[in-house]
Amino acid sequence: MADDDAQTRPVPYRGGGFSARPMRSVGVLTFAALVAVWELGSRYGYISNLVLPAPSEVIEAFRDLWVSGTLWEHLGASLYRLVTGWSLGTIAGIAVGFAIGLFRPVRASAGPLVAAIFPIPKIALLPLFIIWFGIGEASKVGLILFGTFFPTVIATYGGVDNVDRTLVRMGQSFGLSRWEIARKILFPGALPAILSGMRITAAIAIILIVAAELIAAQRGIGAYIQMAGSLFATDQLIAGVLVLSALGLTVSALIGALELWLLRWRA
Amino acid sequence: MADDDAQTRPVPYRGGGFSARPMRSVGVLTFAALVAVWELGSRYGYISNLVLPAPSEVIEAFRDLWVSGTLWEHLGASLYRLVTGWSLGTIAGIAVGFAIGLFRPVRASAGPLVAAIFPIPKIALLPLFIIWFGIGEASKVGLILFGTFFPTVIATYGGVDNVDRTLVRMGQSFGLSRWEIARKILFPGALPAILSGMRITAAIAIILIVAAELIAAQRGIGAYIQMAGSLFATDQLIAGVLVLSALGLTVSALIGALELWLLRWRA
Amino acid sequence: MQLKLSGVGKSYGGLPVLSDISLDIASGEILCLVGPSGCGKSTLLRMIGGLELPDEGEILQVGAPPEGSLNPLTFIFQDFALLPWRSVAGNVSLALESHRAISRAERAAIIADVLSRTKLGDFANAWPKQLSGGMKQRVAIARALAVRPAVFLMDEPLSALDAQTRDILMDDLIELWSRERFTAVYVTHNLQEAVRLGHRIAILSRRPGKIRRIIGIDTPIGARTHQDPELLAIQEELWGLMREEAEAADKELTHG
Amino acid sequence: MQLKLSGVGKSYGGLPVLSDISLDIASGEILCLVGPSGCGKSTLLRMIGGLELPDEGEILQVGAPPEGSLNPLTFIFQDFALLPWRSVAGNVSLALESHRAISRAERAAIIADVLSRTKLGDFANAWPKQLSGGMKQRVAIARALAVRPAVFLMDEPLSALDAQTRDILMDDLIELWSRERFTAVYVTHNLQEAVRLGHRIAILSRRPGKIRRIIGIDTPIGARTHQDPELLAIQEELWGLMREEAEAADKELTHG
Amino acid sequence: AEAVKIGVLSLTSHSAAFIAKEKGYFEEQDLDAELVTFQAAGPMAVAIASGDIDFGVTAISGALINLAEKGAVKVIGGALTEEKGVDGQKILVSNAAYEDGVTTPADLKGRSFGITGTGSSFHYMISQIAEKEGYSVADVDLKALQKVPAIIGALKSGQIDAWSIVPHIAKGLDGSGGAKIIGDVADYIDGYQVTTIFTSTRNVEENRELVERFLAAYSKGIAEFNATMVDKTEGEEAQEATTQLIHKYVYTDRPYEKAAGPIKAGAMRLQPNGRLNIASVEHQLNWFKSEGLVDEAIELDTLVDTSFVETQ
Ligand SMILES: Nc1ncnc2c1ncn2[C@@H]1O[C@H](COP(=O)(O)OP(=O)(O)OP(=O)(O)O)[C@@H](O)[C@H]1O
Ligand SMILES: Nc1ncnc2c1ncn2[C@@H]1O[C@H](COP(=O)(O)OP(=O)(O)OP(=O)(O)O)[C@@H](O)[C@H]1O
Ligand SMILES: [Mg+2]
Ligand SMILES: [Mg+2]
């Protein structure tokens, strides 16, 4: 009995840990601390402003952009190119992607073509676009259109291919026509893939706008960044980069909201 | 009975279709036909070679590159930058990604930082890199390093987070130490995500090398393309773009082979 | 309406999956199909439902489908096959929308009727993701009822559910049959289900699936109980017939 | 080694999941836990195995674990929890590698032994992806046997398998117990399993899970048959106790 | 010998460096000189700041001034100068624009004009032209094309209307029918100090002696270039010899027979002894300030160290 008592103990705990739950407040704090250290480092000369402007200088540069109204000019120019190129590329991409997903002959002929052109880094085509479409808006919009088209095609037909085939078979078993199956089963089923394709193409479009505006653009966030770079104005440069990131985050948030709403049926 | 016979018929067929099986030969044929039409169009003057060179001209330009040996010079320069930047970025990214995945304090502090910097289009930072690292190799390698680092971090800790938690719990239930769980369960479990991250970063690296070489390089495929572009030499331009695509496809095939081998356990 | 299979065979890429299947399924009868994994039960059901064509033999429907039947051969799938982007009512509606003859109001009436018959009245607007497995399969049953089928083709309809839910749904199915006397081909791995629900039980052999035996059960479906020794004896007999093959099927390596 | 639970309770984020669970599990006894979905069976098992800490009460192990036991409390999971990147032998090896005292040769001998005891001798080098569900669970059992546990903690070990495979593995488990007389806590939804395998069956109520009833079965495990009327009666009784709650649990909407 | 890196462009106006290198004038000063070729002037200032090179010769750019402000570089002398009456930079228009009636610099209002980048010398030139002609640079559609070859391509294909460039390129384009010359930059800018010699602030402050030695060698190159190529006082043979020397760096992609003409034509006077037209530099600095491209507060001495060469 004494022996038994000695051997009686709670089962040893060996679980816990490996959790992915974030600690949000610490993140914000780290961030704030980092910016503070950076600012102080710049103020007291530990960080040369040749290498990195102080946060306050970046804010100042941004304020200038804002107050002078050039921010809107640059943003407007970039947005025009982005929206036009991206919308056209996305619409065309979804149409072609669906054609590939639905019709075997289209898949057989257009599929490999798309697969072959897709991996070309679009940015390398910039000089070609300038030759084809000149140095005006057309080449910039065209580059973005081209850059968004192929990933959209691939996301769309990948989405169609990945729609659970039992759902298709279910549709057939209830006597639905091909067109009804395409509309009521394949399209909504491919929507998540199309939307996540949009997320990617939005990021691609922002990268391409920067590249496109390196050449022959007076207005545009990319042009502003390039100008700041060639003038060695790191404060303006970083301000411009931050504007771009904000643009990227906004677009991604918009697509996120769209997803949340359109895909509210998702588990 | 007669009535019954009249009503006896095979059940109507309503299945089939919606198959995603490819028709490979048709693809190759389409491709060949397209190139032939393009070549003939160019030969007989329907396609101006100012706009699009004939395939034969592109091949000729490529032959020049090959024979003169400049192909290897350009490729060598680009590859050096790619391999150095990509390897360093990937190694650092995996290390940091694992630290984030394993240690909550690291996740709390480094996680949001990574999340904040990730969406910045790296290409916009090019002028900054030139300012920081000069116009030599360092800025180009640095840009690629920077561009591959963040997606790798995110892929890695995403991979760690997505390892089935029952496997972790299984490890704990057999009394494995944290380090054993990290090494034997989390690492192999995150490997698929890391490898598919590599696919993406390889594509990003190729895009960034083009951007970096557009600005300040004498050697490199990107520089060659840019030079061809500013000289309106569309044949060389397309030859250069094709070299890049081939590079992209090769890298993707290599990673594919690596995946096939390392992940042969996958269903 | 009856079904008549004679000498049906099927191969996939040279691999024979089913051979020489002949069966008659009478109106109002529930035929259970049991057999080891991979023996071609699902394939046979798909062929009966017209989703696949037999390579040999023929599958005939004898007699006209009952009047008002919108989809004489109607499937119920193991994984429910609900459209996740449609509500419960929307999923039932899908099966009706393609029939132009049914007006909006009629459609709504049918939906309300089948949902109430499957005890889903309160869930018409729920998304599938909100439902438990048992509820999802009820929606699939409601959808099937909506098109007034002559024959139900059920492919392991309960096997994705946990044991208790399975029991509950089994009772519901029995109740439904007692009311509606539908015809059904019911594929299952679960011999307990087979002996509770089948008028006849056809046992298939391993691939290529052939009919090894057909056992009839005389006890009326409504009168069968868990403890009925006769049923338990038949279940044991079936298990004796299948055990060896099931064990062998279980030990097969997949993907080489 | 015995287990003694007294007044165990657990909440997740304010939501009480289990309350006031007191149980004694004797050496060599199989205790089955049944109860509706979400009543906290898995949580209770995790607490017994030391993977989670109770908020209230305590879980004690009484007496020393048997000599040579590498991992006194060993789990067998519903989804097998095999590492897909390790072969069958590698998965068993995982449980042994952390024990420095065991040499390479000893380890190989243990692996060979447990694989042969679970009829897996021929599959030592197969990947998990190549195995059927039944085989996978055999590997998990082999892995558990390798560490010579004092108590098996099994969370619906058969519920991911099809009916026939379930039957086969159930027989194997019974055979195993007859030889090794292990102690076990066995969570299941399947009352048939419970009455075939349990010395005692504890029925939990809906969330927050409490013990509603504990039923003991005297028939020796080795002597139980499918048709045993006594067992069938107990099964009916259990079903009577649980049916209503199971139905209610099934109808709950998840995610609001 | 002390190793120094000198940034150059493949232009005839950088010949002083080529001559000094080839003729061993750097070695005479105990300098082990390496010439680093750039595609555009902009990065050269950055390269000084980042320590990639020690000396550079380019136009005064926004980057140069901003770097000077940050204490990284300093202008120490002058090189190319525009003078009325001496063949200098030309204003070019595309054939299409010419036919469309752009025949004098006054017509450039509302037209597109090629520049390498904001704050480049081309930007300065068009601003001065616009001012003298009575319109504003804002009335001109500036196209930043990064590199000279890109501007040439755009001008030839009529994608931009106008540009200004050193005489031999201008004449080459005019001669081959690729574009039309419609004026001289010298008519718009007095004593334009086109290019300057600059180095890092650290060299100026800590290694004056090195800077002086560099300037001595460079000046010798300037003197020889002016004598053989501009004033031609040494005879044809000497001109030919120097042309051959320059061809090692300029127009290397063409055979000598085709390169000799443009090289000779492109020879413009370099300031003897690196003399610096400080008035022009100040004018340029003020323009950058007025355009908002650099900080208002920058003083001339921040940009220039006048202690090395004669100023005017
Ligand atoms: N579309 C198909 N293409 C090729 N092979 C197929 C196809 N469908 C089924 N098979 C093969 O035919 C065989 C029988 O498949 P089927 O799904 O009919 O078996 P089953 O009896 O329903 O098995 P289970 O009990 O596991 O559901 C299997 O070997 C399967 O791999
Ligand atoms: N880690 C956790 N965090 C929060 N809630 C949890 C956690 N684990 C379980 N729960 C909740 O506790 C309750 C009981 O869960 P548990 O898995 O123990 O039930 P169960 O009886 O095993 O159910 P089932 O029969 O469906 O397996 C559920 O409501 C579940 O949502
Ligand atoms: Mg099946
Ligand atoms: Mg559970």
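Since the model is a prediction, treat every value here as computed from it, not as a measurement. Naming convention: chains lettered A, B, ... in sequence-line order (proteins, then strands); numbering from 1 in each chain. These values consider heavy atoms only, across backbone and side chains, with no hydrogens, waters or symmetry-generated copies.
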D:Gln164 side chain to C:His189 backbone, donor-acceptor under 3.5 Å: yes

Rounded to the nearest 0.5 Å, what separation is found between the [atom1] atom of [X] and the [atom2] atom of [Y]?
X	Y	atom1	atom2	answer
D:Gln227	C:Leu231	CD	CG	11.0 Å
D:Asp122	C:Lys251	CG	NZ	9.0 Å
D:Glu236	C:His226	CD	NE2	5.0 Å
D:Leu232	C:Leu232	CG	CG	5.5 Å
C:Lys119	D:Glu247	NZ	CD	6.5 Å
C:Ile168	D:Trp239	CD1	CH2	4.0 Å

Heavy-atom pair with the smallest gap, counting every atom of C:Ala163 and D:Asn190: CB-CA, 3.4 Å

Choice from D:Thr165, D:Leu131, D:Leu191, D:Asp167 maximising heavy atom contacts with chain C below 4.5 Å: D:Asp167

Top of D:Asp171, D:Leu161, D:Val34, D:Thr225 for chain C proximity - count of heavy-atom pairs under 4.5 angstrom: D:Asp171

What part of C:Ala126 gets closer than 4.5 Å to chain D, counting heavy atoms only: side chain, backbone, both or neither? side chain

Okay, D:Gln192 and chain C: the region with an atom under 4.5 Å from a heavy atom over there is side chain

Got a salt bridge between C:Asp250 and D:Lys136, using NZ or NE/NH1/NH2 to carboxylate O under 4.0 Å? no

Could you tell me if the side chain of D:Asp162 sits less than 4.5 Å from the side chain of C:Ser37, heavy atoms only? yes

